[in-house]
Amino acid sequence: MERLDKLLANTGRWSRREVKELVRRGQVRVDGVIAASAEQKITPTAAVTVSGEPVALGSCTYLLLHKPAGVLTATEDRRQPTVLELLPPELRRIDLAPVGRLDKDTEGLLLLTNDGELTHRLLSPRYHVDKRYLARVDGDLSPADVSAFAAGMTLPDGLVCLPAGLELLPQPRTCIVTLREGKFHQVKRMLAACGAPVLYLKRLSMGPLTLPDDLPPGAYRLLTDEEISALYRACAM
């Protein structure tokens, strides 16, 4: 048995304070009965509705974060701010972790979840989940570099890279890179091997998820049920 406010807050949709207000207004029902208090003890299998909408308790949480530059993709660090510190306290307590990592100076789409199986599959080259990046570089790229990416590359430091996409954009020294894996500093290392060191890098998408234009750096939102289902389909789950 656990407190109602804790279980609802763990879904990531409300803070405990918001749950208390919803209960006070009679908008929360447990097994069809209006909740007596936010502190009421219930089982995670109880049928709970909020404003008439069923809420799944004990399920995984999925967040899409617009990671800003200057923040570490980590769950904790003693010296530098991490992506979890961008979240409210109720979301820091439910064991969310980043799916993969973006370098400290890289921004863009970052998925955080406590769904371990989905995390494993999204990062595995076996399931071919594309990650797309916008890069600005210090050097000129050519069609030969596009072909090199498409064929797969072995870098001077010995890193073997699977075939990847390289799209040259009309803007000078700007490109889109598409990977199906996520090795350490891979985009930067591949472009540097082509004589075009990265000056700016932003992840635009991961599988079916795309960074919303109206989500500013440092902000997050919960995934919709449709987006979660699309991720599962992309990973053959």
Side-chain angles (χ1 to χ4, degrees), residues 1-67 73-76 82-100 109-124 127 129 205-216 218-237:
M1 303 281 282
E2 292 194 64
R3 285 172 48 141
L4 175 61
D5 57 353
K6 178 183 177 182
L7 289 171
L8 285 176
N10 283 352
T11 67
R13 297 174 64 178
W14 305 277
S15 67
R16 289 202 184 191
R17 179 178 297 179
E18 289 169 332
V19 172
K20 291 181 191 299
E21 178 61 21
L22 288 166
V23 170
R24 188 188 68 79
R25 299 203 308 258
Q27 293 184 262
V28 180
R29 289 178 177 266
V30 179
D31 294 329
V33 179
I34 294 176
S37 75
E39 295 79 19
Q40 173 179 340
K41 294 290 188 71
I42 68 171
T43 65
T45 58
V48 176
T49 62
V50 176
S51 302
E53 177 187 350
V55 179
L57 301 177
S59 59
C60 294
T61 299
Y62 307 83
L63 300 182
L64 189 160
L65 172 73
H66 186 165
K67 178 195 172 297
T73 303
T75 55
E76 60 180 351
T82 70
V83 291
L84 285 192
E85 292 173 43
L86 299 171
L87 306 179
E90 61 268 16
L91 290 177
R92 296 182 210 165
R93 294 192 290 263
I94 60 174
D95 297 322
L96 294 175
V99 179
L109 185 152
L110 184 65
L111 177 64
L112 296 103
T113 184
N114 45 15
D115 188 333
E117 178 62 20
L118 179 65
T119 296
H120 168 73
R121 292 193 179 214
L122 285 171
L123 297 178
S124 171
Y127 295 100
V129 178
S205 66
M206 174 182 249
L209 293 182
T210 300
L211 185 67
D213 292 333
D214 59 353
L215 190 69
Y220 73 92
R221 68 165 174 79
L222 292 166
L223 295 191
T224 65
D225 290 342
E226 291 77 12
E227 288 171 328
I228 296 168
S229 296
L231 282 174
Y232 272 60
R233 288 194 300 270
C235 297
M237 289 178 70

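Hydrogens, waters and symmetry mates are skipped; everything else that's a heavy atom, side chains included, is used.
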Among residues at least two apart in sequence or on other chains, which ones pass salt bridge (Lys or Arg N to Asp or Glu O under 4.0 Å) with [X]?
X    : answer
R221 : E227
K6   : E2
E21  : R24, R25
E53  : R13

* **Side chains of T113 and L223 in contact at under 4.5 Å (non-hydrogen atoms)** => no

Do the non-hydrogen side-chain atoms of W14 and V55 ever get within less than 4.5 Å of each other? yes

Tell me, with the steps shown, if L109 and L64 meet side-chain contact (heavy atoms from CB on, under 4.5 Å).
-> CA-CA 7 Å; L109 185 152; L64 189 160; 4.1 Å; yes

Excluding sequence neighbours, so at least two apart, what forms side chain to side chain contact (heavy atoms under 4.5 Å, CB included) with [X]?
X   : value
T49 : R29
D95 : none
A97 : T75
Q40 : V30, A35, A36, S37, I42

Taking only Lys NZ, Arg NE, NH1 and NH2, and the carboxylate oxygens of Asp or Glu, determine whether E39 and K20 approach each other closer than 4.0 Å. yes

[atom1]/[X] to [atom2]/[Y] distance, rounded to the nearest 0.5 angstrom?
X    : Y    : atom1 : atom2 : answer
L211 : H66  : CG    : NE2   : 5.0 Å
L84  : R92  : CG    : CZ    : 8.0 Å
T119 : L123 : OG1   : CG    : 6.5 Å

When every non-hydrogen atom of L63 is compared with those of L222, the smallest separation belongs to CD2-CD2, 3.1 Å

In terms of heavy-atom contacts, G26 and I34 come closest through CA-CG2, 4.0 Å

Paired with Y220, the side-chain contact (heavy atoms from CB on, under 4.5 Å) test is passed by just one of L112, L110, L91, namely L91

Checklist line | Main-chain N/O of T61 paired with N114 side-chain donor or acceptor, under 3.5 Å | finding: yes

N/O donor-acceptor pairs under 3.5 Å from side chains in residues 228-237, not counting sequence neighbours:
from, atom 1, to, atom 2, distance (Å)
S229, OG, D225, O, 3.1
Y232, OH, Y62, OH, 3.0
Y232, OH, D115, OD2, 2.3

Run the side-chain contact (heavy atoms from CB on, under 4.5 Å) check on L22 and L8 step by step: do they pass?
CA-CA 11 Å; L22 288 166; L8 285 176; over 6 Å; no

Side chain to side chain donor-acceptor pair (under 3.5 Å) filter on R3, not counting sequence neighbours, yields D5

